[in-house]
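Index from 1, following the sequence.
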Amino acid sequence: MTPIDVSCDLGEAATADDRETELALWPLVDAANVACGGHAGDDASMRAAAALARRHAVRLGAHPSFPDREGFGRRRIDICETELVASLVEQIRSLRAIAEEAGVELERVKAHGALYNVAYHDEQLARRLVDAVIAAAPRAALVCPSGSAMERVAAERSLSVVREAFADRRYLPDGSLLARGHAQSLLTEPADAAAQALSLAKRGIVTALDGSEITIPHDTICIHADMPGAVARLRTIRSALSSAGLTLRRPS
């Protein structure tokens with residue numbers, strides 16, 4: 001059985017407590033999608049992330065977004081396609097350059113927030129995202145949901161993909177994520193997130209908002225650092241997977 005790859009969105013910390021949480025998560029994950037200036041992050045945070053990736057042997061990925069720091073990248077902003085691609089390229093290249101200085105390869109690119117959610121269905125936006133990845137980091141893989149427009153466009157352009165599933169987010173019946181504004185969108189209870197991770201790892205299935213079971217093909221299981229109790233939740237997830245006899249890429 002292929003070892004389970006656990007990933008996390010990092011480099012978004014805005015407070016000392018957030019930074020402490022992120023530092024505790026780095027040794028527990030196999031891959032990190034790091035904010036690179038669009039919604040959060042700056043040169044200092046990217047340098048710190050590259051150093052941590054090297055120290056803990058974590059695969060490094062860029063986490064670009066709509067250029068919207070005020071809205072934390074969680075809203076679709078009015079921007080022309082040319083400007084958007086230029087911004088995404090700049091974000092990805094910024095982290096790639098810093099990573100190379102630290103002797104770390106940029107292996108993945110994952111869209112953040114509204115960019116990720118809208119590009120799930122919107123093929124035109126997915127094309128612009130893929131354009132940016134190929135321009136800025138052609139050897140990197142695009143992290144995206146299975147069945148999304150992002151995956152289809154990446155396949156057309158011969159761009160590698162890493163299919164992503166979430167342990168701590170609620171799904172809609174079509175396989176997309178329930179918007180964060182919904183009261184049931186986040187699985188904050190460690191036991192709930194662990195149960196979803198187990199279902200994903202053992203059966204490739206999650207229970208959607210309407211109670212239906214849907215198949216989520218995946219190569220990585222992601223958790224979020226910006227949700228309360230992230231460290232305890234990830235430890236519970238890892239413990240549940242190990243107790244079930246599943247192989248983790250990073251041993252517990």
**Report entry** Side chain to side chain, Ile77 and Pro67, heavy atoms closer than 4.5 Å
**Finding:** yes
Report task. Mark yes or no for whether Glu151, through its side chain, and Gly147, through its backbone, hold a donor-acceptor pair below 3.5 Å. Result -> yes
Requested in this report: Determine yes or no for a side-chain-to-main-chain donor-acceptor pair under 3.5 angstrom, with Arg238 supplying the side chain and Val6 the backbone.
Outcome: no
Query - Distance (rounded to the nearest 0.5 Å) between Asp210 CG and Glu213 CD - result: 11.0 Å
Query - Linked, directly or transitively: Ile237 and Val206 (ILVMFWY side chains, under 4.5 Å) - result: yes
Query - Linked, directly or transitively: Leu186 and Leu200 (ILVMFWY side chains, under 4.5 Å) - result: no
Report task. Could you work out the complete set of other residues in the hydrophobic cluster of Leu172, with links drawn between I, L, V, M, F, W and Y side chains under 4.5 Å apart? Result -> Leu178, Leu209
**Report entry** Close side-chain approach of Arg203 and Thr215, heavy atoms under 4.5 Å
**Finding:** no
Report summary line: The ring pair (Phe, Tyr, Trp, His ring centres under 6.0 Å) partners of His218 (sequence neighbours excluded) come to none
Query raised in the report: Taking only residues two or more places apart in sequence, or in another chain, which ones meet Glu105 in a side-chain contact (heavy atoms from CB on, under 4.5 Å)?
Result: Glu107, Arg139
Query - same_hphob_cluster(Leu25, Leu187) at 4.5 Å side-chain heavy-atom cutoff - result: no
Query - Under 3.5 Å donor-acceptor, Asp131 side chain and Val85 backbone - result: no
Report task. Supply the atom-to-atom distance Ser45 OG to Ile98 CD1, rounded to the nearest 0.5 angstrom. Result -> 8.0 Å
Query - Derivation of the side-chain contact (heavy atoms from CB on, under 4.5 Å) call for Ile134 and Arg157 - result: CA-CA 9 Å; Ile134 291 173; Arg157 302 287 300 279; 3.5 Å; yes
Query - side-chain contact (heavy atoms from CB on, under 4.5 Å) between Leu198 and Leu241, intermediate numbers included - result: CA-CA 6 Å; Leu198 268 175; Leu241 294 172; 4.0 Å; yes
Query - Thr2 side chain near Arg249 side chain, heavy-atom distance below 4.5 Å - result: yes
Query raised in the report: Side chains of Leu10 and Leu52: does their closest heavy-atom pair fall under 4.5 Å?
Result: no
Query raised in the report: So His224 and Cys8, side-chain contact (heavy atoms from CB on, under 4.5 Å) or not? Walk me through it.
Result: CA-CA 6 Å; His224 289 86; Cys8 185; over 6 Å; no
Report summary line: Tyr120 meets the ring pair (Phe, Tyr, Trp, His ring centres under 6.0 Å) criterion, sequence neighbours left out, with none
Requested in this report: Report the C-alpha distance between Gln91 and Ser87 in whole Å, list the side-chain angles of each, state the deciding distance to 0.1 Å, and finish with yes or no for side chain to side chain donor-acceptor pair (under 3.5 Å).
Outcome: CA-CA 6 Å; Gln91 292 175 55; Ser87 174; 3.0 Å; yes
Report task. Dump the intermediate steps for side-chain contact (heavy atoms from CB on, under 4.5 Å) on Leu234 and Val29, then the final yes or no. Result -> CA-CA 9 Å; Leu234 179 52; Val29 300; 3.8 Å; yes
Query raised in the report: Which pairs with one or both residues in residues 17-28 pass side-chain hydrogen bond (donor to acceptor under 3.5 Å, both in side chains), sequence neighbours excluded?
Result: Thr15-Asp18
Query raised in the report: Can you say whether the rings of Tyr116 and Phe166 are parallel (under 30°), tilted (30 to 60°) or perpendicular (over 60°)?
Result: perpendicular
Query raised in the report: Among pairs that include at least one residue of residues 110-127, which meet salt bridge (Lys or Arg N to Asp or Glu O under 4.0 Å), considering only residues two or more places apart or in two chains?
Result: Asp9-Lys110, Arg76-Asp122, Lys110-Glu164, Glu123-Arg127, Arg127-Glu156
Query raised in the report: Looking only at heavy atoms, which two atoms of Cys36 and Leu95 are closest? And how far apart?
Result: CB-CB, 4.1 Å
Side-chain donor-acceptor pairs of residues 54-62 under 3.5 Å, sequence neighbours excluded:
unit_1 : atom_1 : unit_2 : atom_2 : d
Arg54  : NH1    : Ala102 : O      : 2.7
Arg59  : NH1    : Asp5   : OD2    : 3.2

Query raised in the report: Taking the hydrophobic residues Ile, Leu, Val, Met, Phe, Trp and Tyr, and joining any pair whose side-chain heavy atoms are under 4.5 Å apart, which ones share a cluster with Ile205?
Result: none
**Report entry** Any Leu129 side-chain heavy atom under 4.5 Å of Val153 side chain
**Finding:** no
Query raised in the report: Just by distance, do the side chain of Ser239 and the backbone of Arg235 share a donor-acceptor pair under 3.5 Å?
Result: no
Query raised in the report: Under 4.5 Å between any side-chain heavy atoms of Ser242 and Leu248, yes or no?
Result: yes
Query - Pairing residues for Ala136 by the side-chain contact (heavy atoms from CB on, under 4.5 Å) criterion, not counting sequence neighbours - result: Val89, Ile92, Arg93
Report task. Can you tell me which residue pairs pass the side-chain hydrogen bond (donor to acceptor under 3.5 Å, both in side chains) test with a partner in residues 180-198, sequence neighbours excluded? Result -> Arg180-Asp226
Report task. Considering non-hydrogen atoms only, spot the tightest contact between Ala40 and Ala35 and give its length. Result -> O-CB, 3.4 Å
Query raised in the report: Linking I/L/V/M/F/W/Y whenever any side-chain heavy atoms sit under 4.5 Å apart, do Phe72 and Met227 land together?
Result: no
Report task. State which residues pass side-chain contact (heavy atoms from CB on, under 4.5 Å) with Ala114; sequence neighbours excluded, sorted by chain then number. Result -> Phe66
Query - Residues which pass side-chain contact (heavy atoms from CB on, under 4.5 Å) with Val162, listed by chain and number, not counting sequence neighbours - result: Arg108, Ala141, Val143, Asp219, Thr220
Query raised in the report: Would you say Leu177 and Arg170 make side-chain contact, with heavy atoms under 4.5 Å?
Result: no
Query raised in the report: Quick one: are Val109 and Pro64 in side-chain contact, heavy atoms under 4.5 Å?
Result: yes
Query raised in the report: Can you tell me how far the CD1 atom of Ile221 sits from the OG atom of Ser7, to the nearest 0.5 Å?
Result: 8.5 Å
Query raised in the report: So, for Ala165 and Ile216, which heavy atoms are closest and what is the spacing to 0.1 Å?
Result: CB-CG2, 3.7 Å
Query raised in the report: So, for Val34 and Ala49, which heavy atoms are closest and what is the spacing to 0.1 Å?
Result: CG1-CB, 3.7 Å
Report summary line: Test side-chain contact (heavy atoms from CB on, under 4.5 Å), reference Arg163, set Cys144, Ser148, Pro217, output is Pro217
Query raised in the report: Quick one: CG on Asp78 to CG on Leu84, what's the gap to the nearest 0.5 Å?
Result: 11.5 Å
Query raised in the report: Taking a hydrophobic cluster as the set of Ile, Leu, Val, Met, Phe, Trp and Tyr residues connected by side-chain heavy atoms closer than 4.5 Å, whether directly or through intermediates, do Leu125 and Ile79 fall within one such cluster?
Result: yes
Report summary line: Here the pair of heavy atoms bringing Ala230 nearest to Ala225 is CB-O, 3.8 Å
Query - Nearest heavy-atom neighbours spanning Val231 and Ala24 - result: CG2-CB, 3.8 Å
